[in-house]
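Quick notes on the structure that follows.
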Amino acid sequence: MELVRKPSICWVFVSVIIFAQVSNGFYLPGSYMHTYSNGDPIYAKVNSLTSIETELPFSYYSLPYCKPLGGIKKSAENLGELLMGDQIDNSPYRFRMNSNETIYLCTTNPLNEHEVKLLKQRTRDLYQVNMILDNLPVMRYATQNGVKIQWTGFPVGYTPPDGNADYIINHLKFTVFVHEYEGSGVEIIGTGEEGLGVISEADKKKASGYEIVGFHVVPCSIKYDPEVMTKLHMYDNMSSINCPSELDKYQIIREQERISFTYEVEFVKSDIRWPSRWDAYLKMEGSRVHWFSILNSLMVIFFLAGIVFVIFLRTVRRDLTRYEELDKEAQAQMNEELSGWKLVVGDVFREPECSKLLCVMVGDGVQILGMAGVTIIFAALGFMSPASRGMLLTGMIILYLILGIVAGYVGVRLWRTIKGTSEEWRSISWLAASFFPGIAFVILTILNFILWGSHSTGAIPISLYFELFFLWFCISVPLTLIGGFLGTKAQPIEYPVRTNQIPREIPARKYPSWLLVLGAGTLPFGTLFIELFFILSSIWLGRFYYVFGFLLVVLLLLVIVCAEVSVVLTYMHLCVEDWRWWWKAFFAPGSVALYVFLYSVNYLVFDLQSLSGPVSATLYLGYSLLIAVAIMLSTGTIGFLMSFYFVHYLFSSVKID
């Protein structure tokens with residue numbers, strides 16, 4: 001029965017492969033390919049209005065746009081979409097496959113003072129309308145400094161350089177690229193949003209038709225005569241319209257103006273196949289990764305880390321070899337005469353200050369590191385494509401909840417190793433389950449009040465707060481307690497040497513040790529800062545981040561460098577008879593979080609110059625602080641665990657009475 005309820009991963013994959021071979025066609029992992037026949041209706045959807053100036057998303061229907069005949073209906077959203085502020089609604093924009101037409105939508109009532117103020121504000125804050133057709137975001141071409149750039153979405157309005165008036169975008173010229181799909185004898189592997197899908201042989205013939213592979217728009221502002229336009233009904237056909245170039249023919253935003261909305265659509269056959277339709281979005285000019293710069297950075301970091309590691313190995317090996325070659329009398333004399341790491345043998349495993357907090361932070365660090373590693377691996381393998389909106393964040397949350405069992409186990413076992421007893425393991429487990437989520441809750445609640453005050457769709461609704469609390473309390477907390485219980489059953493790590501009752505005095509030094517700890521974070525930061533630029537650009541400038549393969553390489557490199565930096569720093573402190581290495585080993589690589597946060601501030605000042613207002617800056621700094629805390633816990637955990645293994649190995653290799 002156990003095998004029936006919980007099949008192994010191997011059996012799942014074998015079943016999928018056999019089923020795929022029988023059906024002779026599958027998608028991995030992807031959305032089902034929608035095919036349309038001539039004349040089939042296709043409805044576009046609208047997402048939240050977004051801006052790189054404010055980072056506050058707003059509902060599309062917060063502005064006086066035309067509404068669908070059947071009323072506004074929200075699309076089903078996953079947890080990640082809700083947390084990201086996405087609000088996908090239906091829209092009145094209706095297309096008919098391979099039918100080129102110009103359509104009238106509606107004419108608004110005379111604009112009141114509030115609507116005019118809102119439209120002008122959204123226009124001047126550079127808000128974009130994000131429209132979706134068959135899961136593809138609408139794309140437009142813009143020219144900046146003579147360079148042609150692709151962007152997703154189109155602006156709410158247009159403000160000329162003189163800034164005397166604002167004009168609304170009320171006419172859209174859509175181009176829908178379609179590819180004719182012959183259903184029989186074709187096998188397609190694609191990526192998308194609805195998980196694993198399989199097409200049977202019988203369904204292939206039914207699937208023949210046209211597939212949408214591109215969705216472009218040219219936005220226009222056109223002044224219509226409201227008396228003429230109000231005689232029309234929604235979806236009435238019109239004659240084709242050319243976008244005007246003179247400002248006096250634009251639709252101005254002012255009180256008592258009645259705005260008419262129209263659109264036209266042209267269907268163009270394309271050679272682009274359905275699995276490749278996202279290539280245009282992933283290779284946009286604004287988000288192209290400088291491959292050579294990243295590779296150069298990786299090579300430099302590998303070279304520096306290699307030098308540090310080789311020097312360190314030679315030093316430790318020489319010390320061990322020289323010590324082991326001496327006889328017992330000489331070793332005793334050496335213990336009395338020489339200084340260095342051998343003199344702290346009775347104190348090196350002395351319980352550190354705030355040992356409970358250290359156990360909790362290490363447990364949480366393992367949990368965050370595991371979540372990040374598994375997520376990046378799945379993303380690098382193509383299981384989380386940009387078509388799957390919110391899936392990346394949803395997957396991270398699910399992984400974090402499940403890995404609570406690892407946090408509890410690591411935290412409690414480290415506590416047993418330090419204390420030698422299993423007492424208070426429930427306290428350690430509860431703290432491990434609450435520490436990082438508590439920090440995240442405080443930061444996100446403060447930011448959420450700011451978003452609520454701004455009436456933004458980015459605000460987390462109260463119902464979602466309860467859902468998140470339910471997930472944490474009913475999944476993460478029990479798993480963490482189970483992990484803690486398993487930690488009490490595991491054997492504690494035995495120290496190779498005894499600890500003296502009286503702590504050894506630490507010699508005074510010319511410089512404070514925290515300077516060395518703070519400086520140690522520069523080397524791990526060197527592995528991150530180039531990739532960090534592209535990650536920040538994808539988050540705050542609305543661009544797609546897709547080089548998860550490089551991110552996986554950077555993560556592996558970061559783990560190596562953090563481990564090496566922590567071990568070298570620990571060895572340096574032991575050599576000067578400083579046996580308080582526990583927290584220093586944690587914060588040496590963990591200090592990279594400080595540089596990440598400072599770099600985020602630098603990015604805000606110099607690269608996000610368009611970001612305006614204290615609200616936007618507060619949101620940016622709040623999210624950056626949360627990311628920095630997560631990086632500190634994960635990198636600090638890497639350093640601590642490696643240093644603990646190193647110290648244990650070092651003092652296990654030498655017989656000292």
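To the nearest 0.5 Å, atoms CD1 (Ile212) and CG (Asn135) are separated by 10.5 Å. Once rounded to the nearest 0.5 Å, the distance linking CE of Met229 with CD1 of Ile259 reads 12.5 Å.
In this structure the side chain of Trp278 reaches within 4.5 angstrom of the side chain of Pro137, judged on heavy atoms. You'll find the side chain of Asn112 stays beyond 4.5 Å of the side chain of Val116, heavy atoms only. Looking only at side-chain heavy atoms (C-beta outward), Thr107 and Tyr104 come within less than 4.5 Å of each other.
Listed by chain and residue number, Phe174, Tyr263 satisfy the ring-ring contact (aromatic ring centres under 6.0 Å, His included) test with Tyr93 (two or more places apart in sequence, or in another chain). Listed by chain and number, the residues in a side chain to side chain contact (heavy atoms under 4.5 Å, CB included) with Leu444 are Tyr623, Leu626 (sequence neighbours excluded). Here Tyr43 pairs with nothing under the ring-ring contact (aromatic ring centres under 6.0 Å, His included) rule; sequence neighbours left out. Taking Trp430 as the reference, nothing meets the ring-ring contact (aromatic ring centres under 6.0 Å, His included) condition, with sequence neighbours excluded. For Cys474, the disulfide (SG to SG under 2.5 Å) criterion is met by no residue, not counting sequence neighbours. Applying the side chain to side chain contact (heavy atoms under 4.5 Å, CB included) criterion to Thr123, with sequence neighbours excluded, gives Val156, Thr159, Asp166, Ile253. Residues satisfying the side chain to side chain contact (heavy atoms under 4.5 Å, CB included) test with Thr50, not counting sequence neighbours, are Pro57, Gln128, Asn130. Residues forming a side chain to side chain contact (heavy atoms under 4.5 Å, CB included) with Ile446 (at least two apart in sequence, or on another chain): Val442. Judged as a disulfide (SG to SG under 2.5 Å), and not counting sequence neighbours, Cys562 has no contacts.
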Exercise. For side chain to side chain contact (heavy atoms under 4.5 Å, CB included), just list the numbers for Gln367 and Val406, CA-CA rounded to whole Å, side-chain angles, deciding distance to a tenth of an Å, and then say yes or no.
Key: CA-CA 6 Å; Gln367 188 176 7; Val406 181; 5.9 Å; no

Practice problem: Kindly indicate, with the supporting measurements, whether the criterion side chain to side chain contact (heavy atoms under 4.5 Å, CB included) is fulfilled by Val218 and Phe154. | Solution: CA-CA 8 Å; Val218 176; Phe154 57 89; over 6 Å; no

Exercise. List the steps, then state whether side chain to side chain contact (heavy atoms under 4.5 Å, CB included) holds for Ile443 with Ile439.
Key: CA-CA 6 Å; Ile443 294 175; Ile439 295 174; 4.0 Å; yes

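Remark: the backbone N or O of Gln251 is paired with a side-chain donor or acceptor of Ser221 at under 3.5 angstrom. Using a distance-only test at 3.5 Å, with no hydrogens or angles considered, a donor-acceptor pair links the side chain of Tyr235 to the main chain of Pro92.
A 6.0 Å sphere centred on CZ of Phe441 holds no more than 12 heavy atoms belonging to other residues, nucleotides or ligands. Heavy atoms of other residues, nucleotides or ligands lying less than 6.0 angstrom from NZ of Lys173 number more than 12. Atom CZ of Phe378 sits in a sparse spot, with 12 or fewer heavy atoms from other residues, nucleotides or ligands closer than 6.0 Å. The number of heavy-atom neighbours closer than 6.0 Å to CZ of Phe473, taken from other residues, nucleotides and ligands shown, is 12 or below.
Within the structure, salt bridge (charged side-chain N to carboxylate O under 4.0 Å, His left out) pairs that include any residue of residues 362-372 do not occur (at least two apart or interchain). Screening residues 121-150 for ring pair (Phe, Tyr, Trp, His ring centres under 6.0 Å), with sequence neighbours left out, gives Phe58-Tyr127, Tyr141-His216.
Salt bridge present: Lys223 and Glu257 bring a charged side-chain N and a carboxylate O closer than 4.0 Å. Using a cutoff of 4.0 Å between basic side-chain nitrogens and carboxylate oxygens, Asp134 and Arg277 are scored as salt-bridged.
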Could you tabulate the donor-acceptor pairs under 3.5 Å formed by side-chain atoms of residues 64-71, not counting sequence neighbours?
none

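Ring geometry for Trp452 against Phe449 counts as perpendicular: the plane angle is over 60°, on a 0 to 90° scale with 30° as the lower cut.
The shortest heavy-atom contact between Ala628 and Phe597 is CB-CB, 4.1 Å.
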